[in-house]
A.B. asks: 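Please read through the structure below; I'll follow up with questions.
Being a predicted model, the structure only gives us computed values, none of them experimental. Just so you know, ligand 1 is whichever comes first in the structure, and atom 1 is the first atom listed for that ligand. Hydrogens, waters and symmetry mates are skipped; everything else that's a heavy atom, side chains included, is used.
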Amino acid sequence: MLSIALPKGRIAKETLDIFEEIFDKKFVFEDRKLILETDGFRFLLVRNQDVPSYVLHQAADIGVVGLDVLEEKDEDLVRLLDLNIGKCKVCVGIMDNKEIDYSLPEIKIATKMSNIAQKYFSKKAMGVKIIKLYGSIELAPLVGLSDAIVDIVETGATMKQNGLKAVETIMESSAYLISNKNSFIEKKDEIISLYEKIQKVL
Ligand code: PRP
């Protein structure tokens, strides 16, 4: 039995679509259930940011999660395969009529991704004050909570509709198949077999 942590939402749906294509059968979670057990797989439905924890602590053997989350958490996990789904960018965003003022001793950045933001600005030798938020990041500069944001851009619609522009791209992201080291050793054959099947349909 392989246990697989999936991030709730579109990536879980697209991953299950891949399984449906490989095994030629339906993989669907019942209503509000968070576990789906079938055909030697146990799928777990978890929050995006929680996937690395489930996999790291071996509550799941493998998982699917965005590279952005992997970089933010920076855990000791095996990155098996880029699934090429859930593509997005992590960008610095600022109000349309403003530019980043590099002369400031410190700029205020609102973000869910504190580590990525901190590292990025440290490399530029810029002082930053990180304001950690959990969502609706685009609101922060509009109401004076921050000078700029670091956030996910997918279509760009959220920034645009809130009068922001992406001025710098920190990284490109897509969803990866990951594993923890123990499962990768103990269940190597099962994992490699699945890996090969997924690679074939991608
Ligand atoms: C993400 C991200 C942006 C939006 C970007 O938010 O934080 O707000 O999607 O997508 P777009 O470029 O296609 O507009 P999410 O939907 O995860 O909600 P959250 O703000 O509650 O985290």
A.B. asks: Using a strict cut-off of 4.0 Å, indicate which atoms of ligand 1 neighbour a heavy atom of Gly156.
C.D. replies: 11 (P), 12 (O), 13 (O)
A.B. asks: Looking at Lys181 and Glu186, is any side-chain nitrogen of the basic one under 4.0 Å from a carboxylate oxygen of the acidic one?
C.D. replies: no
A.B. asks: Using a strict cut-off of 4.0 Å, indicate which atoms of ligand 1 neighbour a heavy atom of Gly135.
C.D. replies: 19 (P), 20 (O), 21 (O), 22 (O)
A.B. asks: Quick one, Asp61 with Lys187, criterion salt bridge (charged side-chain N to carboxylate O under 4.0 Å, His left out). Give me CA distance, side-chain angles, the key distance, then yes/no.
C.D. replies: CA-CA 8 Å; Asp61 299 305; Lys187 301 190 179 178; 2.9 Å; yes
A.B. asks: Could you tell me the residue and atom name of the protein heavy atom closest to atom 8 (O) of ligand 1, and the distance to it rounded to 0.1 Å?
C.D. replies: Glu138 OE2, 2.7 Å
A.B. asks: Is the shortest distance from a Lys or Arg side-chain nitrogen in Glu71 or Arg79 to a carboxylate oxygen in the other one below 4.0 Å?
C.D. replies: yes
A.B. asks: Please could you name the atoms of ligand 1 that Glu154 approaches to less than 4.0 Å, counting only its heavy atoms?
C.D. replies: 10 (O), 11 (P), 12 (O), 13 (O)
A.B. asks: Run the salt-bridge test on Lys197 and Glu21 with the 4.0 Å N-O cut-off and return the result as yes or no.
C.D. replies: no
A.B. asks: Val128 and side chain to side chain contact (heavy atoms under 4.5 Å, CB included): which partner among Asp147, Thr111, Ile109?
C.D. replies: Ile109
A.B. asks: Give the residue, atom name and distance (to 0.1 Å) of the protein heavy atom nearest atom 9 (O) of ligand 1.
C.D. replies: Ile152 O, 4.6 Å
A.B. asks: Should you measure from each heavy atom of Thr155, which atoms of ligand 1 turn up under 4.0 Å away?
C.D. replies: 11 (P), 12 (O), 13 (O), 14 (O)
A.B. asks: Can you tell me which portion of Asp151 lies within the under-4.0 Å heavy-atom range of ligand 1? Options are side chain, backbone, both, or neither.
C.D. replies: side chain
A.B. asks: Enumerate the atoms of ligand 1 whose separation from the nearest heavy atom of Thr158 is less than 4.0 angstrom.
C.D. replies: 4 (C), 5 (C), 8 (O), 10 (O), 11 (P), 14 (O)
A.B. asks: Among all the protein's non-hydrogen atoms, which is closest to atom 20 (O) of ligand 1, and how far away is it?
C.D. replies: Ser136 N, 2.9 Å
A.B. asks: Looking at Arg10 and Glu14, is there a salt bridge between them, counting it only when a charged N and a carboxylate O are closer than 4.0 Å?
C.D. replies: yes
A.B. asks: Does ligand 1 have a heavy atom under 4.0 Å from the side chain of Met159, from its backbone, from both, or from neither?
C.D. replies: neither
A.B. asks: Do Glu172 and Lys87 meet the salt-bridge criterion of a basic N to acidic O distance under 4.0 Å?
C.D. replies: no
A.B. asks: Are Glu37 and Arg42 close enough for a salt bridge, meaning some N to O gap below 4.0 Å?
C.D. replies: yes
A.B. asks: Does atom 16 (O) of ligand 1 have a protein heavy-atom neighbour under 4.0 Å away?
C.D. replies: no
A.B. asks: Please state which protein non-hydrogen atom is closest to atom 18 (O) of ligand 1 and give its distance, to 0.1 Å?
C.D. replies: Lys112 NZ, 4.3 Å
